[in-house]
Undergrad: 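Structure provided below as structure tokens; questions to follow.
Positions are given from 1 along the sequence. Bear in mind that the values here come from a model prediction, so they are computed numbers and not experimental data.
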Amino acid sequence: MSSDAAPPGNHVRHVMALVAGLAAMASVVWAPVGLAGDLIMLVVGVTALLFAWEAATRPGPLRAVAVAGALLAGLVTIAAAGVFLVVLANALS
């Protein structure tokens, strides 16, 4: 291989990372009410965060899109974890 070979195409992975972040945002709106819904939001947020983080580490021209997806998923994960802890504390008290 020559040193000027094109990098592998990660365009789809980068765009899917943004879609995963948007899906995490959508889970906040469409998750059912209660402890189960909060757990769903948390699981979707963590999954989207892990996928987007992995995609953001790959080179490519759309890397910023993957970083945006990771930021969205991270915000959802932080908010969902806080809401889940409050609902869990209320359920156990």
Side-chain angles (χ1 to χ4, degrees):
M1 290 192 65
S2 64
S3 62
D4 59 343
N10 291 316
H11 298 35
V12 174
R13 187 178 301 265
H14 291 159
V15 172
M16 289 305 296
L18 179 63
V19 171
L22 293 173
M25 293 289 283
S27 74
V28 172
V29 176
W30 289 319
V33 178
L35 189 61
D38 295 332
L39 185 60
I40 290 171
M41 286 189 308
L42 186 59
V43 168
V44 170
V46 168
T47 304
L49 179 60
L50 291 175
F51 180 77
W53 182 271
E54 191 272 334
T57 61
R58 296 183 181 256
L62 296 177
R63 188 175 190 179
V65 173
V67 171
L71 288 173
L72 287 174
L75 291 173
V76 168
T77 302
I78 291 169
V83 170
F84 179 73
L85 287 176
V86 169
V87 170
L88 185 65
N90 284 337
L92 294 178
S93 63

Undergrad: Is the shortest side-chain heavy-atom distance between Pro61 and His14 below 4.5 Å?
TA: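 No, their side chains stay 4.5 Å or more apart.
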
Undergrad: Between Val76 and Val65, is there a shared hydrophobic cluster once you connect ILVMFWY residues whose side-chain heavy atoms come closer than 4.5 Å?
TA: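 Result: yes, single cluster for both.
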
Undergrad: Measuring from atom CG of Leu62 to atom CZ of Arg13, what distance do you get when rounded to the nearest 0.5 angstrom?
TA: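 The distance works out to 13.5 Å.
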
Undergrad: In Å and rounded to the nearest 0.5 Å, what is the CE to CG distance from Met16 to Leu22?
TA: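 So the gap between those two atoms works out to 10.5 Å.
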
Undergrad: If two hydrophobic side chains count as joined below 4.5 Å and joins carry through other members, does Leu92 share a cluster with Val87?
TA: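 Same hydrophobic cluster.
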
Undergrad: Looking at every heavy atom in both Asn10 and Pro59, which two are closest together, and how far apart are they?
TA: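 Closest approach of Asn10 to Pro59, heavy atoms only: ND2-O, 3.1 Å.
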
Undergrad: Minimum heavy-atom separation for Ala56 and Val67, please, with both atom names.
TA: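 The answer is CB-CG2, 3.9 Å.
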
Undergrad: Under a single-linkage definition using a 4.5 Å side-chain heavy-atom cutoff for Ile, Leu, Val, Met, Phe, Trp and Tyr, are Met25 and Leu18 assigned to the same hydrophobic cluster?
TA: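 Linked, Met25 and Leu18 end up in one cluster.
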
Undergrad: Starting at CZ of Arg58, measure out to CZ of Arg63 and round the result to the nearest 0.5 Å.
TA: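 One gets 11.0 Å once the value is rounded to the nearest 0.5 Å.
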
Undergrad: On a heavy-atom basis, which atom in Gly69 and which in Ala52 lie closest, and how many Å separate them?
TA: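 In this case the closest contact between Gly69 and Ala52 is C-CB, 3.8 Å.
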
Undergrad: Enumerate, atom names and distances included, each donor-acceptor pair closer than 3.5 Å involving a side-chain atom of residues 32-51, sequence neighbours excluded.
TA:
residue : atom : partner : partner atom : Å
Thr47   : OG1  : Val43   : O            : 2.8

